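Below you'll find the structure, written out as structure tokens, and then a few comments.
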Amino acid sequence: MSSVAVRKAAPAAGTTPGTAQGPPPRRRVALVPTLTLLLGALYCLLPVAWVVIASTKSGSELFSTFTFLPGSGFTENLTDLNAYRDGVYWQWMGNSALYAGLGALLSTVVSAVSGYALATYRFRGREAMFNVLLAGVLMPPVILAIPQYLLLAKADLTDSYLSVLLPQILSPYGVYLSRIYAAAAVPADVVEAGRMDGAGEWRIFTRIALPMMVPGLVTVFLFQFVAVWNNFLLPYIMLSDDEKFPITLGLHTLLEQGANTPALYTLVITGAFLAVLPLVALFLVVQRFWSLDLLSGAVKS
């Protein structure tokens, strides 16, 4: 009698013998948080979509067609915007770039030095100074606008570029972020090693601490740039010469004139659309740079 060998099938790779194979488990999607995020995104994106679509409409189409139906007047709107007062709109854009770019850069430098000092050095009154800084973070900018105007008026600096730049240099929120990031990203042992090697404090900051703080400082720069670019109250109080206006104040003057000249509404909407583009471009560039810095920092650590 011949015996028949029964071969058992070997289990598939990655499975446990004796267990039934089936489709991979589906990941559950939390319905309420997802709907909340979708509603929030819709709430934020609808005004942007309206501005983009309205900028394509001519003056006759703006109030006579469906809200989200594109028009045919975008090129004409750009031509009229360029021709308005010999291109003063681009003067406003250049002023905003100056205020936001230089102001954010100087504010980032001051925040980096101040945040590093508060995080690294131990001195009397450090915590009290930090608490005062936190109080400055919680204080609304509208409270400081009038005192800043009175101080700069005493120095005869109102209605000048400095009257908008100087108050933006010190950012309590930027110093706070820099202090928190420096405390987490700059090890005390590395600073002490630099001192033992004979490096001075400024050299330790610029050559050792500052490269470690770059991702946090990029965030400070981005926040401060957006805050200065969108600032309206401070230039409104400080400036009277419309050739020094930033884009926010310039569009406000156009909007006020639009009450008597409805044709200017299309210029305001088109100008608002163009004013958003630099912020979008900056965010995309800085976000990529920020992500690369975080990745390189994680690899080096």
Side-chain angles (χ1 to χ4, degrees), residues 37 40-57 68 70-71 73-84 87-112 141 161 164-165 168-169 171 173-174 177-178 181 213-235 243-255 266-297:
L37 290 176
L42 190 65
Y43 176 79
C44 295
L45 293 177
L46 269 180
V48 178
W50 182 87
V51 170
V52 172
I53 296 174
S55 64
T56 65
K57 297 183 178 184
F68 292 102
F74 183 70
T75 305
E76 181 183 352
N77 293 339
L78 281 180
T79 303
D80 294 340
L81 188 63
N82 288 328
Y84 178 74
V88 70
Y89 174 82
W90 302 110
Q91 177 73 25
W92 296 337
M93 286 282 280
N95 293 337
S96 287
L98 174 66
Y99 295 140
L102 185 58
L105 181 62
L106 294 176
S107 177
T108 303
V109 173
V110 172
S111 298
Y161 289 101
V164 180
L165 275 174
Q168 310 288 350
I169 292 177
S171 170
Y173 187 62
L177 285 181
S178 299
Y181 196 86
M213 296 172 60
V214 165
L217 297 181
V218 169
T219 305
V220 172
F221 177 85
L222 177 62
F223 284 172
Q224 190 66 6
F225 187 96
V226 174
V228 178
W229 184 277
N230 292 331
N231 194 1
F232 170 79
L233 181 62
L234 184 65
E243 292 188 356
K244 298 184 179 71
F245 284 179
I247 192 63
T248 51
L249 191 54
L251 290 178
H252 173 72
T253 59
L254 270 179
L255 186 62
T266 56
L267 301 189
V268 175
I269 295 172
T270 306
F273 168 66
L274 295 179
V276 174
L277 296 182
L279 295 180
V280 175
L282 176 69
F283 180 79
L284 293 177
V285 172
V286 169
Q287 185 186 38
R288 178 178 179 275
F289 180 73
W290 179 49
S291 301
L292 289 176
D293 278 339
L294 287 179
L295 182 61
S296 62

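If you're wondering where the values come from, they're calculated on a predicted model, not measured in any experiment.
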I'd like to check L274 versus L81 (side-chain heavy atoms, cut-off strictly below 4.5 Å). Are they in contact? yes

The criterion is side-chain contact (heavy atoms from CB on, under 4.5 Å); which residues satisfy it with W50, sequence neighbours excluded? A54, T67, F68, I269

Reported CG-to-CE distance for the pair L251 and M93, which is rounded to 0.5 angstrom: 9.0 Å

Looking at residues at least two apart in the chain, or sitting in another chain, which of them share a side-chain contact (heavy atoms from CB on, under 4.5 Å) with P235? V164, N231, L239, P246, L249

Exactly one of V286, T108, L282 clears side chain to side chain contact (heavy atoms under 4.5 Å, CB included) with F225, and that residue is L282

Once side-chain contact (heavy atoms from CB on, under 4.5 Å) is applied, do any residues pair with L177, and if so which ones, sequence neighbours excluded? Y173, V220, F223

Can you list the residues that meet the side-chain contact (heavy atoms from CB on, under 4.5 Å) rule with F74, with sequence neighbours excluded? S55, T56, L78, T270, F273

Any V276 side-chain heavy atom under 4.5 Å of V48 side chain: no

Check for a donor-acceptor pair, side chain of Q224 on one end and backbone N or O of Q168 on the other, with a separation under 3.5 Å. yes

Trace of the side chain to side chain contact (heavy atoms under 4.5 Å, CB included) decision for T266 with D80: CA-CA 9 Å; T266 56; D80 294 340; 5.6 Å; no

For C44 versus P47, what's the shortest heavy-atom pair and its separation? O-CD, 3.5 Å

For the OH atom of Y161 and the OH atom of Y99, what is their distance to the nearest 0.5 Å? 5.5 Å

Quick one, W92 and T248 - any side-chain contact, counting heavy atoms below 4.5 Å? no

For F283, which residues count as a ring pair (Phe, Tyr, Trp, His ring centres under 6.0 Å) partner, sequence neighbours excluded? none

Going by the rule side chain to side chain donor-acceptor pair (under 3.5 Å), which residues pair with N82 if we only count those two or more places apart in sequence or in a different chain? W90

OG of S178 to CG of L217, rounded to nearest 0.5 Å, is 5.0 Å

When rounded to the nearest 0.5 angstrom, what is the spacing between OG1 in T219 and OH in Y181? 7.5 Å

Heavy-atom closest pair (Y89 atom, G271 atom, distance to 0.1 Å) is OH-O, 2.6 Å

Just how far is it from atom OG of S96 to atom CG of N230, taken to the nearest 0.5 Å? 9.0 Å

